[in-house]
Amino acid sequence: MMRQILSPVGVACFLVLLCGSVSSAAPSILEVGVGLDGQSQLGYWTPVRIHVQAGDKKFSGQLELAAADSDGLIATFGDFSEGTFEISAGEKRWITGYVKFGRPDSGLQVRLLADGAIVVRAEYTRSQLPPLVESTADRVLVIGAHLALKQALGSQGQSVQVAHLDDFSDFPDRWYGLEGIRQIVVTTSNAQYLEGLTEERFQALQRWLRLGGELVLSVGLRGKVLTRENSPWRDVIPGSFEFVEKEWKTSGLEMYAGSQDPLETGASSGETAMTVLKDVQGRIEVYDGVGDAGQRPMVVRSLVGFGNSVFVAVDLDLDPFVDWPARSRLLRRITLGEQGSGSAETSSTMASQISHFGYRDLSGQLRAALGQFKGVTLVRFYWLVGLLVCYVVLIGPLDYLLLKKWNRLHWSWITFPSMVLGFSLLTFLMSTSFKTQEVHVNQLDIIDFDVETSQLRGTTWAYVLSPERRAYDFEIKPQAAKQLKIGQLTGLCSWQGLPGNGLGGLDTRSTSTSIEQEYEVSFAQGQAGPGMGRIQGLPIQDSSCRGLNASWWGQGSLDVVSRLYFDRQGVLQGDVSNPFPFALQECRLYHQNQVYVIDNDVDPGQVLRVSNLVDSVRAVEAYLLRRKLVQRAEAMQAWSASDFNVPRIVEMLMFHEKAGGARYTKMTHRYQEFLDLSERLDWNRAILVGRAAGQGSDLVTNGSPPAASTLDTWTYFRLVFPISTAAP
């Protein structure tokens with residue numbers, strides 16, 4: 001039988017046809033969109049939208065993303081809300097995932113998986129991706145019309161990054177895709193600005209708002225549409241629709257903006273109208289007129305859970321605001337207020353903080369404090385430097401000078417190896433003496449509960465010291481689900497980085513790591529719905545520590561006494577209680593510029609009557625600054641960036657602005673600014689802060705909790721109580 005032989009041309013054609021059939025069967029990635037308006041921030045969750053087209057067969061699989069964390073390790077992110085998605089043959093679909101970038105030069109890997117195997121992998125270097133915003137930058141998102149907000153804020157010296165979306169088509173479907181965004185401004189004058197607003201996306205916006213965001217909603221011409229019964233915006237508008245007024249007074253906004261230039265209203269078809277509300281709930285900052293002439297709210301601020309909403313009754317993107325000389329001042333007043341960005345002296349002081357301590361943000365100081373483990377002596381860097389200097393001096397000039405003085409230079413054959421051996425032995429003894437044999441964990445939990453809206457918000461920091469090189473699985477399990485009546489908690493768990501551009505900071509380009517092992521960050525989205533995220537296979541080096549951060553949230557109910565009110569003299573009166581099944585220690589009741597210092601433990605269910613606490617009241621600023629009389633002069637305790645007292649740092653994280661902000665600490669508080677509830681104290685709110693024994697959440701490590709002997713915990717609860725303006 002004759003052997004059949006394929007010619008080279010035939011082989012080439014066969015391979016081309018084979019590759020073509022394989023590639024057409026596999027899906028392809030058409031486009032990748034990272035962040036919002038091409039803007040993403042170091043150390044925060046970032047949405048990634050992938051445009052996928054199926055091949056000639058239906059594709060069913062999962063999305064996985066990978067990026068470098070703050071230590072340069074590759075973290076993979078999966079189990080997104082999409083779960084397993086399906087795309088019919090030849091069809092296209094947008095898939096959304098979320099990732100955290102930990103290095104300024106971090107690239108991105110996009111993987112499509114089927115049956116656990118990678119089907120398609122696409123890699124993007126940092127040069128192919130938008131540049132990352134610094135971890136401590138202030139960010140604002142504008143949706144709809146361009147408002148020239150960056151120009152308005154920049155004229156005040158504010159360092160603000162402004163992103164813009166034409167509509168909601170690229171808006172995240174999960175609230176954590178908005179992490180790092182301090183404020184969202186939405187214009188509504190054109191129906192196209194609200195296109196793409198699905199139920200999932202509005203729920204993401206609403207959840208972000210309730211957990212601490214700030215929404216500015218500009219409503220004028222289309223007020224009637226946005227306040228309809230089936231409109232989702234109805235829940236965030238602080239009143240009931242009455243009518244749309246086309247002839248409105250301008251004097252209120254002119255005074256609000258501090259302008260001497262009048263607003264020129266006329267008969268232009270593009271001119272804005274005013275949405276008039278009734279039964280307004282919130283703080284009315286300005287009416288349409290001045291004095292008796294102003295009766296209709298123009299700007300209303302209100303509280304929504306732990307966030308704020310700002311309702312503006314006119315369209316800021318239409319005439320007469322477009323060419324108004326005072327437009328920038330009006331936008332600043334509405335969005336950021338009139339506060340400055342800090343003095344040059346404060347900025348230079350913070351720069352020196354970086355060089356000495358490696359951080360300039362309060363969250364960096366917390367990270368350093370939680371890295372101090374009880375019973376463990378960590379080898380300091382300056383110890384090694386000192387030891388190295390002594391070694392060089394001894395084996396070099398000192399050895400030579402002494403032997404020359406004694407005329408015994410030939411002894412160097414003995415002294416040199418002896419000193420090398422001695423220093424080697426000393427180094428070995430130090431490494432074995434200071435080395436821990438157990439896993440140590442420092443954990444901090446701050447649990448916030450808003451009594452009026454039943455909104456629960458928890459934040460967990462955990463720092464783990466490993467005695468040897470090992471891969472760990474971590475999962476945070478909040479105990480609040482047992483302590484409160486909560487149907488389901490949802491959460492995220494990931495790595496915690498050091499904000500700023502200090503040594504090892506998120507904003508620095510550090511050297512690459514020698515560890516090539518990947519680990520997984522899971523969103524824990526299962527068939528039963530959202531759950532708590534987890535980390536799997538995180539490698540930690542010998543005698544090294546890693547920081548973890550978890551956020552969790554839900555709606556709950558408490559059997560709590562909340563009867564606070566103002567008497568006729570404007571003095572706080574009434575009762576509050578400890579609703580938890582455990583005692584609260586070191587309790588403080590904050591309200592406006594006063595704090596009631598409660599030395600005794602508050603037992604479970606115990607009711608506190610404010611009138612019984614008058615002897616323990618102090619000014620908030622004096623208390624936070626630890627002011628006291630010394631030789632008939634008032635002195636305060638200076639803030640030390642090298643102080644690792646966790647309760648003191650937590651106190652400042654909670655009420656940084658009430659303590660004077662950067663003027664006092666010489667540090668920023670931007671990376672986790674949502675922890676600062678100072679602004680709440682200026683509303684009709686009182687905040688009870690107490691520390692509880694034990695943990696607010698369980699850190700499950702490789703399937704079991706850490707040993708009690710190597711676990712240090714700090715757990716704080718904050719209850720935000722409403723205050724009635726009328727006595728019962």
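Heavy atoms only: backbone and side chains are in, while hydrogens, waters and symmetry mates are out.
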Sequence neighbours excluded and cut-off under 3.5 Å, please list the side-chain donor-acceptor pairs for residues 718-728, or say none.
unit_1	atom_1	unit_2	atom_2	d
R718	NE	D448	OD1	2.7
R718	NH1	L675	O	2.9
R718	NH2	D448	OD1	3.3
R718	NH2	D448	OD2	3.0
R718	NH2	L675	O	3.0
S724	OG	A726	N	3.2
S724	OG	A726	O	2.9

On the ring face of F306, is R457 found with NZ or CZ under 6.0 Å from the centre and within 45° of the axis?
yes
Check for me whether K666 meets the cation-pi criterion with W639, that is, NZ or CZ under 6.0 Å from the six-membered ring centre and within 45 degrees of the ring axis.
no
Take L699 and V464 through the test side-chain contact (heavy atoms from CB on, under 4.5 Å) and record every step on the way to the result.
CA-CA 10 Å; L699 176 65; V464 181; 4.1 Å; yes
For the pair [X] and [Y], find out whether any cationic side-chain nitrogen is under 4.0 Å from an anionic carboxylate oxygen.
| X | Y | value |
| --- | --- | --- |
| R691 | D445 | no |
| R627 | E621 | yes |
| E651 | R648 | yes |

Going by atom types only, do [X] and [Y] share a side-chain donor-acceptor pair under 3.5 Å?
| X | Y | result |
| --- | --- | --- |
| D643 | Q365 | no |
| T713 | T715 | no |
| W683 | Q592 | no |
| T76 | Y519 | no |
| S551 | T459 | no |
| T460 | S697 | yes |
| Q62 | T84 | yes |

Is the [atom1] atom of [X] crowded by more than 12 outside heavy atoms at less than 6.0 Å?
| X | atom1 | value |
| --- | --- | --- |
| N612 | CG | yes |
| R609 | CZ | no |
| Q281 | CD | no |
| N645 | CG | yes |

Evaluate side-chain contact (heavy atoms from CB on, under 4.5 Å) for Y463 paired with L465, printing each intermediate quantity in order.
CA-CA 7 Å; Y463 283 78; L465 175 64; over 6 Å; no
Take R469 and D542 through the test salt bridge (charged side-chain N to carboxylate O under 4.0 Å, His left out) and record every step on the way to the result.
CA-CA 4 Å; R469 180 173 178 174; D542 182 16; over 6 Å; no
Output the distance between atom [atom1] ([X]) and atom [atom2] ([Y]), rounded to the nearest 0.5 Å.
| X | Y | atom1 | atom2 | answer |
| --- | --- | --- | --- | --- |
| Q183 | L141 | CD | CG | 10.0 Å |
| E468 | Q541 | CD | CD | 12.0 Å |
| D599 | E586 | CG | CD | 10.0 Å |
| L548 | R546 | CG | CZ | 7.5 Å |
| N442 | R367 | CG | CZ | 13.0 Å |
| S522 | D79 | OG | CG | 3.5 Å |

Can you give me the closest heavy-atom contact between G102 and L42, atom names plus distance?
C-CD2, 3.9 Å
Minimum heavy-atom separation for D69 to D71, with atom names?
OD1-N, 2.9 Å
From CA spacing to verdict: side-chain contact (heavy atoms from CB on, under 4.5 Å), L498, L506
CA-CA 6 Å; L498 174 66; L506 288 166; 5.6 Å; no
ring-ring contact (aromatic ring centres under 6.0 Å, His included) partner of Y176, chosen from W208, F523, F80, Y44:
F523
For R201 and D173, what are the C-alpha separation, side-chain angles and deciding distance, and is it a salt bridge (charged side-chain N to carboxylate O under 4.0 Å, His left out)?
CA-CA 4 Å; R201 286 170 177 161; D173 60 357; over 6 Å; no
Give every donor-acceptor pair under 3.5 Å between a side-chain atom in residues 565-572 and any protein atom, sequence neighbours left out.
unit_1	atom_1	unit_2	atom_2	d
D567	OD1	Q569	N	3.0
D567	OD1	G570	N	3.0
D567	OD1	V571	N	2.8
D567	OD2	Q573	NE2	3.4

In sequence, state the C-alpha distance, the side-chain angles, and the governing distance for W45 and F77, and then conclude on ring-ring contact (aromatic ring centres under 6.0 Å, His included).
CA-CA 11 Å; W45 291 106; F77 302 85; 5.6 Å; yes
Stepwise ring-ring contact (aromatic ring centres under 6.0 Å, His included) check, F717 with F580:
CA-CA 10 Å; F717 286 84; F580 302 113; 4.6 Å; yes
Contacts of R182 that satisfy side chain to side chain donor-acceptor pair (under 3.5 Å) - sequence neighbours left out
D138
Quick one: do Y590 and F655 satisfy ring-ring contact (aromatic ring centres under 6.0 Å, His included)? Show the steps, please.
CA-CA 10 Å; Y590 292 85; F655 302 105; 4.2 Å; yes
